Amino acid sequence: MIEILGYRVATELPNLEQNPRSVINTLNPHSYCMAKGDPVFKIALASSDYLMPDGIGIVFAANFLRGIQINKIAGFDVFIYLMKELNNRGGSCFFLGSSDETLESIRRKAAVDFPQVSIGTYSPPYKAEFSNQDNEIMVEEINSFGPDVLFVGMTAPKQEKWVFTNREKIEAPIICSIGAVFDFYSGSVKRPSEFWIKCGLEWLPRFLKEPRRLWRRNFVSTPMFLMDLVLVKFGLKN
């Protein structure tokens, strides 16, 4: 773990034997900037057992501020790692979030890729805020299945805040917020090719496909993030 802009960021995939009860979240420049104006989101990220550097900006920050070379570990990387671990030991996982159609696609694909993994799913109502009853139903669906790993895909910051609020009620040793991975793995959204990922430009094809949705992330959050890096580097900001 290294500290970057007030967050303890993991430098490698989690060792689940050492810490079998874990909340895993990811950090990128956009989520960092969102958390500046959302105290609950900031606490949710800071309280993660593993906060993964899911963004080339976080990799750059580690080198710029600490002189440390780390690798980007995307939510998709964490997902595949955990599914392989579960497959090796015949474990189980639960997918919370997205549509019934996406969840069914995940079930079909995972049955081929990870045949030894038992899978449960639940699609929560699509709304900005869940009611207490909604939360009770979701927790009950998870706990009645009893997964080894809970994957939450509601997009940030909703998913991280939901996990933070309900963590003590959830009977799953590992809880992992992975957002867009549900869409990537199901095939409903195509992830950029390995070429763009290795170049550190995974964001570019995504932005070109969805400029209206992603413009703020790239043209507001990224400059704000870089400005904070410069201020911290020269001792003008804690």
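All values below come from the heavy atoms of this structure, side chains included, with hydrogens, waters and symmetry mates left out. Throughout, numbering of the chain's residues begins at 1 and tracks the sequence. Remember, it's a predicted structure, so these values are computed and weren't measured experimentally.
At most 12 non-hydrogen atoms from other residues, nucleotides or ligands lie less than 6.0 angstrom from CE of Met227. The neighbour count for Lys233 NZ, taken as heavy atoms of other residues, nucleotides or ligands under 6.0 Å away, is above 12. With a 6.0 Å radius and a threshold of 12 heavy atoms from other residues, nucleotides or ligands, Asn132 has its CG atom at or below the threshold.
Residues Leu45 and Ser31 share a closest heavy-atom pair of CD1-O, 4.2 Å. Closest of all the heavy-atom pairs between Ile106 and Ser186 is CG1-CB, 3.8 Å. When all heavy atoms are compared, the tightest approach of Gly55 to Lys72 is N-CG, 3.7 Å. When every heavy atom of Ala44 is checked against every heavy atom of Ser48, the shortest pair comes out as O-OG, 3.3 Å. Scanning all heavy atoms of the two residues, the minimum distance from Met224 to Cys33 falls at CB-SG, 3.8 Å.
Atom CG of residue Leu51 and atom CG of residue Asn25 lie 6.5 Å apart, to the nearest 0.5 angstrom. The line from CE of Met34 to NE2 of His30 is 4.0 Å long, rounded to the nearest 0.5 Å. With rounding to the nearest 0.5 Å, the separation of CG in Leu86 from CE in Met83 is 6.5 Å.
Looking at Arg21 and Asp49, no side-chain N of the basic residue comes within less than 4.0 Å of a carboxylate O on the acidic one, giving no salt bridge. Taking 4.0 Å as the cut-off between side-chain N and carboxylate O, Lys161 and Asp38 count as a salt-bridged pair.
Checking each of Glu141, Met154, Gln159 against Leu96 for a side chain to side chain contact (heavy atoms under 4.5 Å, CB included) leaves exactly one that passes, namely Met154.
For Lys36, the side-chain hydrogen bond (donor to acceptor under 3.5 Å, both in side chains) test picks out Asp228, with sequence neighbours left out. By the ring pair (Phe, Tyr, Trp, His ring centres under 6.0 Å) test, Phe60 pairs with Phe64, sequence neighbours left out.
Residues Phe151 and Phe94 keep their aromatic ring centres 6.0 Å or farther apart.
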Task: salt bridge (charged side-chain N to carboxylate O under 4.0 Å, His left out) assessment of Lys127 paired with Asp134 - done: CA-CA 10 Å; Lys127 55 174 70 173; Asp134 293 331; 2.9 Å; yes
TODO: Could you give me the CA-CA distance, side-chain angles and deciding distance for Val78 and Ile73, then say whether side-chain contact (heavy atoms from CB on, under 4.5 Å) is met?
DONE: CA-CA 7 Å; Val78 179; Ile73 305 174; 3.9 Å; yes
Could you tabulate the donor-acceptor pairs under 3.5 Å formed by side-chain atoms of residues 111-124, not counting sequence neighbours?
unit_1, atom_1, unit_2, atom_2, d
Asp113, OD2, Lys109, NZ, 2.9
Asp113, OD2, Tyr185, OH, 2.7
Ser123, OG, Ser98, O, 2.5

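Using modelled atom types, one finds a donor on one side chain and an acceptor on the other under 3.5 Å when comparing Ser99 with Thr102.
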